[in-house]
Amino acid sequence: MDLTVRRAGALEYLTAPALAGSIHCFSTRFGGVSEGALASLNLGTHRGDRPENVLANYRLLGRAVGFRPEQTVFTKQEHTAIVRVTAAADCGTGLLREAQDVCDGRITDEPGVALCCFSADCTPVLLFDPVRQAAGAVHAGWRGTAKGIVKAAVEAMQDAYGCRPENICAAIGPCIGLCCFEVGPEVARAMREALGPEAEPALRQCGEKYHVDLKLLNRIWLARAGVRRVDVSSACTMCSPERFWSHRVTGGVRGSLAAVIMLKGGEEP
Ligand SMILES: [Zn+2]
């Protein structure tokens, strides 16, 4: 299924039917207080924004979605396949104090821990096991996709929490689509090396270049991991730069989208 658009005043974000039962969202650019090139819902702390604006944006988004800024735990993304087990003691990492340990994915089985990953063309993926009550947030650019980080995250949930992959539900958020993601042959080669012939439907050759379908590639990884239910956003960040942050459209002068997921039970009334 496609994701659902939610609005609360000027704020707009997306939720996934597959993740029902969790507190989660994929953000858009709409509904924050940041200005200029960062207008208005910038959720990145390293984009040149004023810290008080970023904090205010988390407060606005969290109030609508159901988490507090103090509950967030950020990834420190470097296009790795590193997934970290995350606990309540980690809350505040990234927003209130600098994140130390590199990772592109986080998982938790503790309520009240709002896992956050970031994107602006790259693929955000949220995971939720309603049976075992565990969650994950993953950033998968093309490098992370080639490394199979979403499969690594599912396996980490199995190892750390005893999740069964068939119980895990996933949602792939807005990212650069097959329509716009033009890359050199090295990207296609990396996908072929990682996934073999299964990668072919996600690769379209256009002269010397390729168009690559990151959503489909991550769906393939999720299927390989044993995940059966996956919602996928139909949105392309580069086709809709007024609604989503697109690194390519902005030349890198941009805010960050966040994908957030938190298990129920830890929120304050
Ligand atoms: Zn597009």
Side-chain angles (χ1 to χ4, degrees), residues 1-7 12-18 25-32 37-44 47 77 79 104 117-126 137-150 170-192 194-195 198-223 230-260:
M1 285 186 79
D2 200 350
L3 305 192
T4 307
V5 178
R6 309 272 179 189
R7 292 189 180 88
E12 183 179 306
Y13 59 95
L14 310 177
T15 60
C25 68
F26 295 93
S27 72
T28 69
R29 289 183 64 168
F30 299 137
L38 301 173
S40 62
L41 191 66
N42 165 46
L43 296 169
R47 308 309 314 173
Q77 298 174 182
H79 298 283
D104 285 77
C117 66
F118 305 95
S119 61
D121 290 340
C122 289
T123 317
V125 184
L126 296 178
V138 176
H139 159 257
W142 77 260
R143 289 183 179 83
T145 300
K147 291 170 184 167
I149 186 172
V150 288
I172 297 174
C175 69
I176 191 167
L178 175 67
C179 41
C180 294
F181 191 39
E182 188 172 86
V183 291
E186 71 282 1
V187 176
R189 196 179 313 123
M191 300 308 169
R192 285 176 173 137
L195 287 163
E198 248 192 297
E200 293 306 325
L203 308 174
R204 197 163 295 169
Q205 192 162 4
C206 307
E208 310 253 294
K209 301 278 190 176
Y210 281 84
H211 280 227
V212 171
D213 189 340
L214 292 173
K215 292 173 192 170
L216 178 56
L217 290 162
N218 282 291
R219 286 177 72 169
I220 294 167
W221 280 120
L222 287 165
V230 185
D231 286 346
V232 184
S233 169
S234 59
C236 166
T237 47
M238 200 164 165
C239 284
S240 305
E242 69 296 335
R243 169 163 270 117
F244 302 106
W245 298 112
S246 170
H247 187 85
R248 286 198 171 196
V249 169
T250 57
V253 183
R254 55 153 180 93
S256 282
L257 301 170
V260 185

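Atoms within a ligand are numbered from 1 in the order they appear, just like the ligands themselves. All figures in this text were calculated on a predicted structure; none of them were measured in a lab. Numbering of residues begins at 1 and proceeds along the displayed sequence.
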> Could you check whether Thr28 and Arg243, counting side-chain N and O atoms only, form a donor-acceptor pair closer than 3.5 Å?
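Per modelled atom types, Arg243 and Thr28 side chains form no pair under 3.5 Å.
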
> For the Zn ion (ligand 1), which protein N/O/S atoms fall under 2.8 Å? Skip waters.
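Cys179 SG, Cys180 SG, Cys236 SG, Cys239 SG, with waters left out.
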
> Which donor-acceptor pairs under 3.5 Å do the side chains of residues 176-189 make with protein atoms, sequence neighbours left out?
residue : atom : partner : partner atom : Å
Glu182  : OE2  : His211  : NE2          : 3.2

> Measure the spacing between OG of Ser119 and NE2 of His139 and express it to the nearest 0.5 Å.
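Going from the OG atom of Ser119 to the NE2 atom of His139 covers 7.0 Å.
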
> How close do Asp121 and His247 get, counting heavy atoms only, and between which atoms?
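In terms of heavy atoms, the two residues are closest at OD2-N, 3.0 Å.
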
> Using a 6.0 Å cut-off, check whether atom CZ of Arg47 has over 12 heavy atoms from anything other than its own residue.
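Atom CZ in Arg47 is packed in, count exceeds 12.
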
> Would one find more than 12 heavy atoms of other residues, nucleotides or ligands at under 6.0 Å from atom CD of Glu208?
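No - once you tally the heavy atoms of other residues, nucleotides and ligands closer than 6.0 Å, there are 12 at most.
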
